[in-house]
Amino acid sequence: MNWELIFGQIKWNSFVFSGAIENPSLSEFIASGAGFIAVLGALAAVILLTVKGWWVPLWRDWLTSVDHKKVGIMYIAIALVMFARAVIEAALIRAQQLSAYDGGGFLSADHFGQLFSTHGTIMIFFVAMPFITGLMNYVMPLQIGARDVSFPLLNAISLMLTMAGAILIMVSLVVGQFSTGGWSAYPPFTGIEFSPGEGVDYWIWAVSLGSIGSTLTGLNFAVTIYKKRCPGMTLFRMPLFCWTTLCTSILMIFAMAPLTAATIMLALDRYAGFHFFTNGDGGNMMNYANLFWLFGHPEVYILILPAFGVWSEVVATFASKRIYGYTSLVYATMCIAVLSFAVWLHHFFTMGQSANVNAVFGIATMVIGVPTGVKVYDWLLTMVGGRIRFTTPMLFHINFLLTFILGGMTGVLLANPGVDFQVHNTLFLVAHFHNMIIPGVLFGMFAAVQFWFPKVFGFRLHEGLGRASFWCFAPGFLLAFFPLYWLGMMGATRRTYMWSDPSYLPWLALAMAGAALILAGFALMVAQIVVSVRRREQLAAPLGDPWDGRALEWSIPSPPPEWNFAVLPQVTARDPFYEAKKAGIAYRSPAAYEDIEVPRNTATAPLIGLFACAWAFALVWHIWWLVVVSFVLMWVVVIVRSFQTDTEETVPAATVKAANEAFLAAARAAPGVARDREMTSENRGRALPEGLEGRSGPVSSRAPVEVLP
Ligand code: HEA
Ligand code: HEM
Ligand SMILES: [Cu+2]
């Protein structure tokens with residue numbers, strides 16, 4: 001039998017374990033160990049699912065679900081698993097750099113190159129992207145008073161494409177190697193001549209799958225926000241998180257396309273001998289740099305805007321005050337979104353444009369500081385005069401304000417081409433972007449988890465452990481990244497696996513200590529989740545409104561029913577739920593209930609994801625029969641689905657009524673918010689008073705959130 005016909009380019013020595021046998025070294029053992037852990041982890045999951053009998057529920061209730069809430073949770077689960085891997089890789093990079101004085105260190109140059117490439121690629125495409133996408137999925141439809149997104153099946157397909165990409169990257173731990181070309185994968189280095197192996201192909205197909213998934217998500221969410229808002233929810237009554245979701249979705253639609261184009265063109269160069277980006281034959285790698293950063297710069301705002309939305313929700317809720325400067329926050333978000341398409345060139349000031357071109361793009365970049373500053377001042381002014389509750393999300397918010405400004409300022413420094421020539425591609429740059437992404441995006445997502453967890457699962461997270469993890473994360477970040485500003489100015493370049501200037505050592509040691517603290521923070525966060533699950537009875541918050549919330553998601557039970565809203569809400573003001581509580585008309589019984597149509601679960605999306613994953617794997621290894629078979633199967637699934645007509649089921653009005661009336665009765669009877677704003681015979685059935693909009697909300701009369709044991 002012809003091996004190559006069946007297995008393509010996979011050979012015995014493609015498996016990571018073979019390296020440790022043929023060429024034993026610490027670096028190879030670590031690589032094999034990682035492969036081993038991946039295999040063991042997968043095996044452990046299979047055994048757990050089998051022993052507990054969870055296969056059927058996993059398939060029936062989760063993988064085949066098209067419910068935006070479950071899709072959102074699955075996105076965040078992917079993000080957390082991938083974060084665990086990428087943060088360990090960061091610690092290895094740090095340890096290598098600390099020990100690498102004058103040829104020391106324990107990793108081979110090649111292994112080190114794979115580590116920073118997978119770390120960057122995973123963190124951006126398979127941690128930050130799924131995290132924000134999962135969060136937008138869960139929260140946005142609830143906040144606009146919708147029952148789901150506009151295209152629930154498409155939503156599930158986006159998820160499964162992202163999952164396929166993540167699985168492909170995990171497979172690269174075991175079979176073959178990953179790219180050493182960094183997260184931006186510049187040719188000609190990533191061309192076939194300089195990187196002939198499978199590594200770059202893993203990067204290309206994993207990123208392409210994620211990128212197509214994100215394009216579809218962008219379309220889906222933008223249409224949802226335009227079309228599915230509940231009665232009375234005008235655009236300018238939407239919570240700010242929905243505004244940032246809208247802007248991010250539009251950015252996704254326009255920015256992911258150049259990335260997909262770049263990866264496919266790079267693939268054509270590598271597989272079919274095209275020369276879009278080659279050094280000779282009429283190719284030009286600058287085309288790649290332009291396409292990549294035409295995506296890459298908006299990408300960083302795709303990540304930060306939803307986080308800005310989270311910060312707006314968090315600060316208004318925990319300052320117990322209406323957000324300051326709502327309209328200016330909306331316009332600032334729009335400005336940032338538009339400007340983000342006009343600055344991509346600042347990523348390659350040093351690559352040969354004229355000084356004038358650099359100046360134009362440098363100024364455009366600096367201008368983004370203005371709308372961002374508007375946001376910062378709005379958040380600060382929201383806190384002024386508020387009654388601040390120092391919960392974990394609020395601690396993250398204050399830390400965000402303090403550190404994000406510093407990172408923004410170093411961005412403005414980099415926007416000056418003269419300065420950039422000095423520090424481009426040094427650790428100064430690495431410090432800048434981690435300084436934006438970690439306190440801004442990552443901690444924004446952590447704050448969001450703390451904030452919305454009780455909504456999703458019906459019980460709170462343990463507050464003490466949450467604070468403990470915060471107190472590791474926040475100083476850990478400072479220690480891990482501020483020394484890099486110094487190192488960068490001393491000339492330490494990024495992506496270096498070895499160095500020879502002894503004055504680097506103390507700074508690298510500090511950075512290592514910081515990375516260790518961040519790992520400790522992550523461990524505490526995992527502990528927090530485990531402890532909270534165990535104590536869920538004690539931490540229960542089933543009535544849906546644990547923080548004295550403001551937007552519509554807090555007006556329904558926790559966890560929300562499949563149909564979200566028993567009756568679509570009628571909105572007459574911003575912060576509609578808060579205003580309703582204030583007017584004493586929250587938790588009113590609706591006049592009548594109707595049957596609700598919900599989409600049926602379907603195997604379509606997971607099958608498409610499965611075949612997409614097989615297709616990408618086959619492309620990486622040139623297994624041509626599998627390329628054809630999986631591609632055809634993917635389309636067979638699509639065609640079969642298009643003939644199905646019975647795709648929805650009806651929840652009878654009586655079922656909805658029973659569930660909702662039980663919830664409303666409990667909410668009215670409960671102490672706390674419901675009691676303070678008790679239903680009375682006078683206010684029952686009364687519409688929300690007109691003119692509430694624009695009036696600044698009063699300081700909440702509620703006691704601050706107690707710290708749970
Ligand atoms: C979430 C991610 C994120 C965010 C929000 C930003 C925001 C900004 N970035 Fe950053 N950046 C990255 C992630 C991010 N960046 C990444 C990942 C890279 C490198 C990729 C790579 O090469 O691998 C990078 C690289 C990068 C470069 C390229 C440098 C080089 O390669 O040599 C430049 C240069 O101009 C730059 C500038 C800026 C600026 C001006 C902002 C501004 O938006 C910042 C605005 C914020 C403030 C200014 C603070 C708050 C404002 C006030 C308090 C008001 C008062 C202040 C003024 C009016 C100035 N960034
Ligand atoms: C949580 C703690 C983190 C630590 C300790 C860490 C550490 C590092 C280190 C040491 C590098 C290599 C620097 C070099 O080139 O010498 C790096 C690169 C990088 N990191 Fe992180 N990081 C962390 C989180 C994140 C997050 C959350 C993101 C994005 C969401 C991210 C994105 C990147 C990117 C894009 C690169 C560049 C990769 C490349 O050069 O191609 N990191 N990080
Ligand atoms: Cu940029």
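Whatever order the structure lists ligands and atoms in, that order sets their numbers, starting from 1. Note that the numbering runs from 1 along the sequence shown for the chain. The figures here come from the full heavy-atom set of this structure, side chains too, leaving out hydrogens, waters and symmetry mates.
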Engineer: Geometry only, no angles: is W183 polar-contacting ligand 2 at N/O separations under 3.5 Å?
Structural biologist: yes
Engineer: Please check whether T496 reaches ligand 2 - meaning an N/O of the residue sits under 3.5 Å from an N/O of the ligand, judged on distance alone.
Structural biologist: no
Engineer: Test ring pair (Phe, Tyr, Trp, His ring centres under 6.0 Å) on F470 and F396 and set out the steps.
Structural biologist: CA-CA 7 Å; F470 168 81; F396 273 119; 5.0 Å; yes
Engineer: When the ring planes of F292 and W203 are compared, do they come out parallel, tilted or perpendicular, using 30° and 60° as the limits?
Structural biologist: tilted
Engineer: Under the criterion ring pair (Phe, Tyr, Trp, His ring centres under 6.0 Å), which of F400, W311, Y324 is the partner of W379?
Structural biologist: F400
Engineer: Under 4.0 Å from any heavy atom of R494, which atoms of ligand 1 are there?
Structural biologist: 21 (C), 22 (O), 23 (O)
Engineer: Answer yes or no: does an N/O atom from H119 fall short of 3.5 Å to an N/O atom of ligand 2?
Structural biologist: yes
Engineer: Using 2.8 Å as the threshold, say whether any N, O or S atom from H346 sits that close to atom 10 (Fe) of ligand 1.
Structural biologist: no
Engineer: Look at atom 34 (C) of ligand 2 and find which of Y497, F443, F112, F433 reaches it with the closest heavy atom.
Structural biologist: F433
Engineer: Could you check atom 32 (O) of ligand 1 against the protein and tell me its nearest heavy-atom contact, residue, atom and distance included?
Structural biologist: D420 OD1, 2.3 Å
Engineer: Quick test: of every protein heavy atom, which one is nearest to atom 35 (O) of ligand 1, and how far off is it to 0.1 Å?
Structural biologist: A415 CA, 3.1 Å
Engineer: For atom 16 (C) of ligand 1, grab the closest protein heavy atom and report residue, atom and distance to one decimal in Å.
Structural biologist: F433 CB, 3.1 Å
Engineer: I'd like to check which ligand 2 atoms, numbered from 1 as shown, lie under 4.0 Å from a non-hydrogen atom of G182.
Structural biologist: 41 (O)
Engineer: Under 3.5 Å between some N or O of ligand 2 and some N or O of Q97?
Structural biologist: yes
Engineer: Using atom types as modelled and distance alone, determine if a side-chain donor or acceptor of D269 lies under 3.5 Å from a backbone N or O of F277.
Structural biologist: yes
Engineer: Give the residue and atom name of whichever protein heavy atom lies nearest to atom 11 (N) of ligand 1, and the separation in Å to one decimal.
Structural biologist: H432 NE2, 3.1 Å
Engineer: Going by the atom numbers of ligand 2, which of them fall below 4.0 Å from some non-hydrogen atom of V87?
Structural biologist: 1 (C)
Engineer: Tell me which protein heavy atom sits closest to atom 50 (C) of ligand 1, plus the residue, atom name and distance to 0.1 Å.
Structural biologist: V376 CG2, 4.1 Å
Engineer: Out of E89, Q96, M123, whose heavy atom is nearest to atom 26 (C) of ligand 2?
Structural biologist: M123
Engineer: Please work out, at 4.0 Å between heavy atoms, whether the side chain, the backbone, both, or neither of F348 comes within that distance of ligand 1.
Structural biologist: neither
Engineer: Using a 4.5 Å cut-off on heavy atoms from C-beta on, say whether the side chain of L442 contacts that of F473.
Structural biologist: no
Engineer: Are F522 and F83 near enough that their ring centres are under 6.0 Å apart?
Structural biologist: yes
Engineer: Under 4.0 Å from a heavy atom of Y301: which atoms of ligand 1 are those, numbered in the order shown and with their elements?
Structural biologist: 7 (C), 8 (C), 41 (C), 42 (C), 43 (O)
Engineer: Considering only heavy atoms of W183, which atoms of ligand 1 have at least one such atom less than 4.0 Å away?
Structural biologist: 21 (C), 23 (O)
Engineer: Can you tell me the N, O or S atom of H297 that's nearest the Cu ion (ligand 3)?
Structural biologist: ND1
Engineer: Return the residue, atom name and 0.1 Å-rounded distance of the protein heavy atom closest to atom 25 (C) of ligand 1.
Structural biologist: H347 CE1, 3.3 Å
Engineer: Which label fits F443 and F477: parallel for a plane angle under 30°, tilted from 30 to 60°, or perpendicular past 60°?
Structural biologist: perpendicular
Engineer: Quick one: does L413's side chain get under 4.5 Å of F428's, heavy atoms only?
Structural biologist: yes
Engineer: Looking at W344 versus F361, is the centre-to-centre ring distance below 6.0 Å?
Structural biologist: yes
Engineer: Going by heavy atoms in the side chains, are L345 and V360 under 4.5 Å from each other?
Structural biologist: no
Engineer: Before giving the answer on side chain to side chain donor-acceptor pair (under 3.5 Å), spell out for T244 and T333 the whole-Å C-alpha distance, their side-chain angles and the decisive distance to 0.1 Å.
Structural biologist: CA-CA 7 Å; T244 56; T333 309; over 6 Å; no
Engineer: For F308, which of F241, Y301, W243, F404 qualifies under ring pair (Phe, Tyr, Trp, His ring centres under 6.0 Å)?
Structural biologist: F404
Engineer: In the structure I gave you, are the side-chain heavy atoms of W499 and L508 within less than 4.5 Å of one another anywhere?
Structural biologist: yes
Engineer: For ligand 1, indicate whether the residue L429 contacts it via side chain, backbone, both or neither (heavy-atom separation under 4.0 Å).
Structural biologist: side chain
Engineer: I'd like to know whether ligand 1 has L303 as a neighbour, heavy-atom separation below 4.0 Å.
Structural biologist: no
Engineer: Could you walk me through whether D501 and S503 pass the side chain to side chain donor-acceptor pair (under 3.5 Å) test, one step at a time?
Structural biologist: CA-CA 6 Å; D501 179 345; S503 58; 2.7 Å; yes
Engineer: Within the structure, does R494 bring an N/O atom to less than 3.5 angstrom of an N/O atom in ligand 2?
Structural biologist: yes
Engineer: Give the atoms of ligand 1, by number and element, whose distance to some non-hydrogen atom of I368 is under 4.0 Å.
Structural biologist: 43 (O)
Engineer: What atoms of ligand 1 come closer than 4.0 angstrom to any heavy atom of G373?
Structural biologist: 51 (C), 52 (C), 54 (C)
Engineer: So which protein heavy atom does atom 55 (C) of ligand 1 come closest to, and at what separation?
Structural biologist: M409 CE, 4.0 Å
Engineer: Output the list of atoms in ligand 2 that are nearer than 4.0 Å to some heavy atom of F481, sorted by atom number.
Structural biologist: 3 (C), 4 (C), 5 (C), 6 (C), 7 (C), 22 (N)
Engineer: With respect to H424, determine whether any N or O atom, backbone or side chain, lies less than 3.5 Å from an N or O atom of ligand 1.
Structural biologist: yes
Engineer: Looking only at heavy atoms, is any part of F477 under 4.0 Å from ligand 2, and if so is it the side chain, the backbone, or both, or is it neither?
Structural biologist: neither
Engineer: M123 versus W183: any side-chain heavy-atom pair under 4.5 Å?
Structural biologist: no
Engineer: Of the protein's non-hydrogen atoms, which lies at the shortest distance from atom 47 (C) of ligand 1, and what is that distance?
Structural biologist: G408 CA, 3.5 Å
